[in-house]
Amino acid sequence: MKLQIKDHVAVVTGGASGIGLAVARGFAAEGARVAIWDLAKNVTTAAADLASEFDVSTCGIATDICDEAQVLDAAAATARELGPIDHVVHCAAIGSGKFGFPFTNLQPSDWRATLEVNIMGTVHVAHAVAEPMKQRKSGTIVFISSVAGQIGSQTDPPYSASKAAVINFAQCTAKDLAPHGIRVNSVCPGMVQTPLNRGVWQAWNEQQPPDQQRTYEDWAEEKIKAVVPLGQWQTPEDIADMVVFLSSNRAAHVTGQTINVDGGFVMHW
Ligand code: NAD
């Protein structure tokens, strides 16, 4: 299937690691120009590696998505260096780093950082890119949410609540921006081996008595067997394939949707 996004400009927030990096590689493999916005130290080398591997233009911009001014600057710098932004994939997010079952395990103050990054970061990104896309009457936005935002996951309540908010905001922006030819969707991974997923296990493991502590691999295997009908991890590339497809014109009639790439973890009816 030809996606026809060669020379398009794609922004990937959180693109220096995990799913975001796979998404950035997925766009570059299709010949798109890629900007990575991330606060990780390797943001510029991640972008430079893409450029040399796929022979496309890239830029890596050190950006904290919690800071509205930095996000606006990143949008301006991307347009200057690569051209007007066609696609945005917003992957950057954090967990609270604490095991939240029961929810009283966390203090209300433990929620703030997660909500600030996961909700306000999403708002900043949407505000920074919507107006230029409206002027050009085209564009796509994919928010990476999570199955945790759909099932009242008890593992990390601030994370789950923030991901539900992202789904809701994606629907709101999809309705607002549809008349301007802009599509917005949420993609929800299930279980993907990344630093963020490992952090969920770490927080759980630290709460267990020594005789019940498990390795990351054992913990994940049991969880996947219990909740994933297809019985496997998803890879970052599995998520990236869906995201790049959704960003292309092959998905021209898909907007406001919540698409789970989760091995059947969540099934709607
Ligand atoms: P990851 O930790 O590998 O990557 C997250 C990236 O976001 C990192 O590069 C980090 O530096 C960046 N980031 C964090 N805070 C930032 C900030 N304030 N400003 C800019 N960048 C920031 O995690 P991942 O697992 O690849 O997660 C990517 C997305 O997928 C997230 O939205 C996550 O919630 C979602 N997700 C992951 C899983 C999973 O199993 N890994 C499951 C469901 C959803």
(message) Working note: Val228 + Lys223, criterion side chain to side chain contact (heavy atoms under 4.5 Å, CB included); need CA distance, chi angles, decisive distance, verdict.
(response) CA-CA 8 Å; Val228 181; Lys223 193 164 170 171; over 6 Å; no
(request) Ignoring hydrogens and angles, tell me if any N or O in the side chain of Asp86 forms a donor-acceptor pair with the backbone of His8 under 3.5 Å. (result) no
(request) Locate the shortest heavy-atom distance separating Thr114 from Ile94; write the atom from each residue and the value. (result) CG2-O, 3.7 Å
(message) When you group the ILVMFWY residues by side-chain heavy-atom contacts below 4.5 Å and let the links chain together, are Met120 and Val117 in the same group?
(response) yes
(request) For Asp38 and Ala16, indicate whether the former's side chain and the latter's backbone hold a donor-acceptor pair under 3.5 Å. (result) yes
(request) Could you tell me whether the side chain of Asn105 and the main chain of Phe101 form a donor-acceptor pair under 3.5 Å? (result) yes
(message) Quick check for you: to the nearest 0.5 Å, what is the distance between Asn197 atom CG and Gln202 atom CD?
(response) 11.5 Å
(request) Please answer whether the main-chain N or O of Gln257 pairs with a side-chain N or O of Asn185 as donor and acceptor at a distance below 3.5 Å. (result) yes
(request) Compare all side-chain heavy atoms of Met191 with those of Val147 and state whether any distance is below 4.5 angstrom. (result) no
(request) Any chance you could lay out the side chain to side chain contact (heavy atoms under 4.5 Å, CB included) test for Val142 and Arg183, step after step, and finish with the verdict? (result) CA-CA 8 Å; Val142 174; Arg183 297 185 294 107; over 6 Å; no
(request) Flag yes if Leu196 and Val227 sit in one hydrophobic cluster, no otherwise; membership is Ile, Leu, Val, Met, Phe, Trp, Tyr, and two members link when side-chain heavy atoms are under 4.5 Å apart. (result) no
(request) Applying ring-ring contact (aromatic ring centres under 6.0 Å, His included), name anything that partners Trp111, two or more places apart in sequence or on another chain. (result) none
(message) Whether the side chain of Ser153 engages the backbone of Ser160 through a donor-acceptor N/O pair (distance < 3.5 Å, no angle test) should be reported.
(response) no
(message) Within the supplied structure, the quantity of interest is the number of heavy atoms (other residues, nucleotides, ligands) at a distance under 6.0 Å from Gln207 CD; does it exceed 12?
(response) yes
(message) Restricting to ring-ring contact (aromatic ring centres under 6.0 Å, His included), what partner residues turn up for His124, sequence neighbours left out?
(response) none
(request) Would you please test Glu53 and Arg25 for salt bridge (charged side-chain N to carboxylate O under 4.0 Å, His left out) and show each step? (result) CA-CA 9 Å; Glu53 184 176 350; Arg25 290 175 58 81; 2.7 Å; yes
(request) Show your working on side chain to side chain contact (heavy atoms under 4.5 Å, CB included) between Ile85 and Met133 and close with a plain yes or no. (result) CA-CA 7 Å; Ile85 297 168; Met133 284 183 174; 4.2 Å; yes
(request) Salt-bridge test for Lys134 and Glu131: reply yes if a basic N is under 4.0 Å from a carboxylate O, no otherwise. (result) yes
(request) Taking the side chain as every heavy atom from C-beta outward, state whether Phe245 and Met1 have any pair of such atoms under 4.5 Å apart. (result) yes
(message) Let me confirm one number: the CH2-OG1 distance from Trp37 to Thr78, rounded to the nearest 0.5 Å.
(response) 5.0 Å
(request) Apply the test side chain to side chain donor-acceptor pair (under 3.5 Å) to residues Asn205 and Tyr216: give CA-CA distance (whole Å), side-chain angles for both, the deciding distance (0.1 Å), then the verdict. (result) CA-CA 9 Å; Asn205 208 39; Tyr216 178 48; over 6 Å; no
(request) Output yes when a side-chain donor or acceptor of Asp156 lies under 3.5 Å from a complementary backbone atom of Ser96, and no otherwise. (result) yes
(message) Contact between Phe27 and Val244 at the side-chain level, heavy atoms closer than 4.5 Å - yes or no?
(response) yes
(request) Tell me, yes or no, whether the heavy-atom count around Arg112 atom CZ, taken from other residues, nucleotides or ligands under 6.0 Å, exceeds 12. (result) no
(request) Report yes or no: does Ser145 contribute a side-chain atom to a donor-acceptor pair with the main-chain N or O of Lys163 at less than 3.5 Å? (result) yes
(request) Please round to the nearest 0.5 Å and tell me the distance separating atom CG of Asn168 and atom OG of Ser186. (result) 9.5 Å
(request) Spell out, as yes or no, whether a donor-acceptor pair under 3.5 Å connects the side chain of Asp110 to the backbone of Gln107. (result) yes
(request) Give the cluster check for Val12 versus Ile239: same hydrophobic cluster or not, with ILVMFWY residues linked at side-chain heavy-atom distances below 4.5 Å. (result) yes
(message) Side chains of Asn249 and Gln4, heavy atoms from C-beta outward: is any pair under 4.5 Å?
(response) no
(message) With a 4.0 Å cut-off on N to O distance, would you call Arg33 and Glu81 a salt bridge?
(response) no
(request) Kindly indicate, with the supporting measurements, whether the criterion side chain to side chain donor-acceptor pair (under 3.5 Å) is fulfilled by Thr235 and Asp238. (result) CA-CA 5 Å; Thr235 65; Asp238 293 330; 3.1 Å; yes
(message) Using every non-hydrogen atom in the two residues, find where Thr255 and Ala174 come nearest and quote the distance to one decimal.
(response) OG1-CB, 3.8 Å
(request) Check whether any side-chain heavy atom of Ile36 sits under 4.5 Å from a side-chain heavy atom of Leu50, and report yes or no. (result) yes
(message) Are the side chains of Ser247 and Ile5 in contact, using a 4.5 Å heavy-atom criterion?
(response) no
(message) Less than 4.5 Å apart, side chain to side chain, heavy atoms only: is that true for Leu106 and Pro158?
(response) yes
(message) Tell me the closest heavy-atom pair linking His90 and Gly121, and the distance in Å.
(response) NE2-C, 4.0 Å
(message) Just verifying a value: how many Å separate Asp49 CG and Thr44 OG1, rounded to the nearest 0.5 Å?
(response) 9.5 Å
(request) Decide whether Val89 and Val254 are clustered together by the hydrophobic rule: side chain heavy atoms of Ile, Leu, Val, Met, Phe, Trp, Tyr closer than 4.5 Å, transitively. (result) yes
(request) Evaluate the side-chain proximity of Val261 to Pro189: yes if any heavy-atom separation is below 4.5 Å, no if none is. (result) no
(message) Donor-acceptor pair, distance only, cut-off 3.5 Å: does the side chain of Asn260 make one with the backbone of Asp262?
(response) no
(message) Just verifying a value: how many Å separate Ile144 CD1 and Thr13 OG1, rounded to the nearest 0.5 Å?
(response) 8.5 Å
(request) Of all the heavy-atom pairs spanning Asp64 and Gln70, show the shortest one and how long it is. (result) N-OE1, 2.8 Å
(message) Let me confirm one number: the CG-CZ distance from Leu246 to Arg250, rounded to the nearest 0.5 Å.
(response) 14.0 Å
(message) Hydrophobic clusters here meaning ILVMFWY residues chained together by side-chain heavy-atom distances under 4.5 Å, can you tell me if Ile259 and Val184 are in one?
(response) no
(request) Answer yes or no: is there an ion pair linking Lys98 with Glu206, defined by an N-O contact shorter than 4.0 Å? (result) no
(message) If you count heavy atoms of other groups shown closer than 6.0 angstrom to CG of Asp176, is the number above 12?
(response) yes
(message) Which heavy atom of Phe143 sits nearest to which heavy atom of Ala170, and what is that distance?
(response) CD1-CB, 3.3 Å
(request) Looking only at non-hydrogen atoms, find the nearest pair between Ala165 and Ile119 and report the distance. (result) CB-CD1, 3.7 Å
(message) Using side chain to side chain contact (heavy atoms under 4.5 Å, CB included), reason through Val200 and Trp219 one step at a time and then give a plain yes or no.
(response) CA-CA 11 Å; Val200 174; Trp219 168 84; 4.1 Å; yes
(request) Measure from the side-chain N and O atoms of Gln213 to the backbone N and O of Pro209, and report whether any donor-acceptor pair falls under 3.5 Å. (result) no
